[in-house]
Amino acid sequence: MKTIGELTEGTDVLHIEGSSAAEITSITCASRCVEKGCCFIAVRGTVNDGHDHIEAAVAAGAAAVVCEHLPEHISDKVCYVVTSDTAEATGRIASAFYGHPSRELKLIGVTGTNGKTTVATLLYDLFRALGYESGLISTVVYRIGSRSIESTHTTPDAIRLNAMMREMADEGCRYCFVECSSHAIVQRRIAGLHFAGGIFTNLTHDHLDYHKTFAEYLRAKKLFFDTLPRGAFALVNADDRNGSVMVQNTRATVRTLSLRAAADYRCKVVEMLPDGMLLRIDGREVWVRFAGRFNASNLLTVYAAALLAGADRDEVLRLLSTLAPVRGRFEQIIADDGTIAVVDYAHTPDALENVFKTIAELRTEGHKVIAVCGCGGDRDRTKRPEMAAIAVKYADTAIFTSDNPRSERPEDILHDMTCGLPAASHFITITDRAEAIRTAVMLSAPGDMVLVAGKGHETYQITGREKIHFDDREEIMKSLREFGRLK
C-alpha cells in the first residue's frame with residue numbers, strides 16, 4: 001500500500017493540505033466508486049466536472065482528493081493535493097499505484113486516422129507467433145496474453161489502462177501494443193506511460209466534431225510524439241505529408257517507411273489478387289493474405305516496427321505471410337456465384353476512397369460495384385458530403401443508409417450526405433440498414449462486388465439511447481442465402 005505522497009511524486013504538485021502520509025487503497029475519477037481509503041481525482045470532463053463531486057467523495061470515505069483548486073469545505077481527515085492538471089495527474093498516479101507496469105513491458109503506441117487497429121492487432125499476432133506473450137489495447141478488443149476483454153474505448157481511461165498493463169506484466173507479457181486515439185492523447189489518458197516506440201500511420205479528415213479544426217486534430221497526434229522519451233523510436237509513414245510534422249520536436253529516434261519514396265523501410269506491390277498480394281519488402285518478396293495498397297502500407301509498418309522492437313528480420317518476413325486480416329477490415333465474403341462482398345470499417349473520406357481504389361484494382365471488366373455506406377450521428381458533419389461524393393464517384397450504384405444515427409434523425413444525416421450531389425448521380429437512400437444491404441445484394445449480379453462500409457467489426461446499431469444487435473456480415477450472408485447465392 002502506498003501513501004498519497006508517494007503516488008504524487010511524479011505529479012506537478014502545487015499545494016498539499018493535510019497529511020501526505022495518508023495510505024491509499026484504491027484510486028478513481030468517479031465519485032460513485034469511492035470507498036474508504038480511496039484517492040478521488042477530480043477531473044474536468046466534457047460534460048461533468050469532478051470538482052463538483054469532491055464533497056460526495058469525502059462523505060463516501062475518500063482518504064485523499066487530487067484537485068486543481070481546493071473545495072469550499074475542507075475535511076481535516078482528508079489530504080488534498082492541488083495540481084495544475086488533474087487529467088495529467090490521473091495517468092501519473094495510476095502508473096505509480098500499479099507499480100509502473102509500462103516500464104516492465106515494451107510498450108508501442110500506434111496513432112493516426114486510419115490503420116491503427118490493423119497495425120496494433122497484427123503486431124500483437126506477430127509477436128505472439130514469435131513466441132512472446134503480448135498484450136493488445138485496440139478498438140476491437142483488449143487482450144492480455146490469450147485472454148480477451150470487451151473493448152469499450154479505442155484507448156481506455158488511464159486507471160483501467162494501467163490496471164490491465166499490470167495484469168499483462170504479472171502474467172508474463174513482454175510486449176504491449178496500444179492504439180492511441182486523438183481523444184486519449186489530449187485527455188492525457190496515456191500520461192505517465194513509458195513508451196518504447198510510437199507509430200504514425202496517416203492523418204486525414206476525422207473527429208472535427210471534437211477537435212473543431214484540422215490543425216487541432218494534427219496537434220493532438222503530434223503531442224504523442226512530442227512526449228516520447230529518448231531511446232524510443234518514432235516510426236512515421238513518409239507517404240503522408242504530415243509524417244515529418246509529427247516528429248519535428250520528438251526526442252525519439254526517427255525512422256521512415258514508404259511505398260513511393262526513399263525511406264528507411266520500403267515496400268512495392270508486385271501483384272494484387274482478391275485473396276492476397278505479392279509484396280517486395282526491402283528487396284525480399286513475400287506473399288500476404290491481404291488486399292489493397294493501404295494494407296501494403298500497414299504491413300510495411302508492422303515489419304518496420306517489429307524490427308525496431310528487436311525482432312529478427314527473416315522471422316518477421318516468414319511470419320508476415322501467415323497473418324490474417326483483422327475482423328471488419330476489408331473482410332471478404334465470397335458467394336457461390338462469385339459475387340464478392342466486402343465489409344470494411346471505413347468511416348472517413350480517405351479510408352473509404354482507399355477501399356474503393358482497392359476494389360477498382362480487383363474488379364473484373366464488365367462487373368459492377370454496389371456500395372452501402374452512411375455517416376454516424378452526433379459526429380463530424382463536415383465529412384458527410386465528402387463521403388457521399390466519393391461513393392457516387394467510384395460505385396456504379398451507391399446506397400446511403402443509417403450508421404449509428406444516435407440522437408440524430410437518419411433522414412437528416414442522409415440529407416447532409418446527398419444535398420450537394422450532382423443530379424445525375426446514381427444513388428438510393430434507404431434508412432433501414434438491413435434493407436439497404438438486402439437491396440445491394442439484390443441489385444448485384446454474379447461476379448459483382450458489394451461494399452458495405454462504416455461499421456466493420458461492430459455488432460450493434462445505436463439509435464437514440466438504444467443499442468441493438470446488428471452485424472453487417474450477418475446481414476450480407478442472410479441476403480445472399482435469401483437469393484440462393486450462398487449455401
Side-chain angles (χ1 to χ4, degrees), residues 106 108-110 112 114-136 138 140-141 143 146 173-179 196-202 233 235-240 255-261 263-332 342 344-345 354-355 358 361-362 457:
K106 267 202 171 178
I108 297 173
V110 187
N114 303 311
K116 296 189 299 297
T117 298
T118 294
V119 169
T121 303
L122 294 183
L123 279 168
Y124 165 84
D125 290 341
L126 175 65
F127 275 82
R128 292 260 297 169
L130 286 167
Y132 299 103
E133 279 299 334
S134 301
L136 173 68
S138 81
V140 177
V141 69
R143 295 192 189 279
S146 59
C173 291
R174 294 274 304 279
Y175 293 84
C176 178
F177 306 99
V178 183
E179 287 188 54
I199 298 169
F200 170 71
T201 57
N202 50 65
F233 67 81
L235 176 63
V236 297
N237 177 9
D239 292 335
D240 188 292
R255 293 290 182 265
T256 58
L257 62 92
S258 175
L259 268 64
R260 301 196 298 259
D264 296 305
Y265 301 96
R266 296 290 313 280
C267 174
K268 179 181 180 181
V269 179
V270 178
E271 184 180 9
M272 189 186 304
L273 296 171
D275 61 344
M277 297 179 288
L278 181 63
L279 304 179
R280 184 176 294 117
I281 297 177
D282 281 349
R284 297 273 295 274
E285 289 191 352
V286 56
W287 176 262
V288 295
R289 297 155 60 187
F290 296 76
R293 294 182 187 279
F294 65 95
N295 269 324
S297 182
N298 289 336
L299 288 162
L300 178 61
T301 304
V302 170
Y303 166 82
L307 267 57
L308 290 169
D312 178 76
R313 178 174 180 263
D314 291 337
E315 276 294 282
V316 171
L317 284 170
R318 180 181 68 81
L319 290 170
L320 281 182
S321 62
T322 69
L323 297 177
V326 178
R327 182 160 56 95
R329 270 60 177 177
F330 210 85
E331 185 175 352
Q332 298 182 52
V342 176
D344 195 272
Y345 189 55
N354 283 337
V355 171
T358 298
E361 291 187 83
L362 297 176
H457 66 280

How many angstroms lie between atom [atom1] of [X] and atom [atom2] of [Y], to the nearest 0.5 angstrom?
X	Y	atom1	atom2	value
L126	L130	CG	CG	4.5 Å
I199	R255	CD1	CZ	14.0 Å
R143	T121	CZ	OG1	8.0 Å
L123	S138	CG	OG	12.0 Å
L122	L299	CG	CG	6.0 Å
K268	L259	NZ	CG	11.0 Å

Donor-acceptor pair, side chain of [X] and main chain of [Y], under 3.5 angstrom:
X	Y	result
D264	T256	yes
T322	R318	no
R128	E133	no
T118	G115	no
N202	N114	yes

Legend entry - Any donor-acceptor N or O pair under 3.5 Å, side chains T201, N237: no

Inset, instruction - Not counting sequence neighbours, which residues clear ring-ring contact (aromatic ring centres under 6.0 Å, His included) with F294? List them please. - result: none

Legend entry - Any residue meeting ring-ring contact (aromatic ring centres under 6.0 Å, His included) with Y345, in chain and number order, not counting sequence neighbours: H347, H457

Any idea which heavy atoms bring [X] and [Y] closest together, and the distance?
X	Y	value
L323	R289	O-CD, 3.7 Å
L136	A120	CD1-O, 3.6 Å
C173	G135	SG-N, 4.1 Å
E361	R293	OE1-NH2, 3.2 Å
T117	E179	OG1-OE2, 2.7 Å
A291	Q332	CB-NE2, 4.4 Å

With heavy-atom distances below 4.5 Å as the criterion, would you say the side chains of [X] and [Y] are in contact?
X	Y	value
C176	V178	yes
L279	V269	yes
P325	F330	no
D125	F177	no
I108	F233	yes
M277	E271	no
L300	I281	yes
R284	D314	yes

Legend entry - Parallel, tilted or perpendicular: rings of Y132 and F127 (30°, 60°): tilted

Exercise answer: donor-acceptor pairs, residues 301-308 side-chain atoms, under 3.5 Å, sequence neighbours excluded:
unit_1 : atom_1 : unit_2 : atom_2 : d
T301   : OG1    : S297   : O      : 2.8
Y303   : OH     : D282   : OD2    : 3.2
Y303   : OH     : R313   : NE     : 3.1

Inset, instruction - Take D275 and W287, measure what side-chain contact (heavy atoms from CB on, under 4.5 Å) needs, and give me the verdict at the end. - result: CA-CA 10 Å; D275 61 344; W287 176 262; 4.0 Å; yes

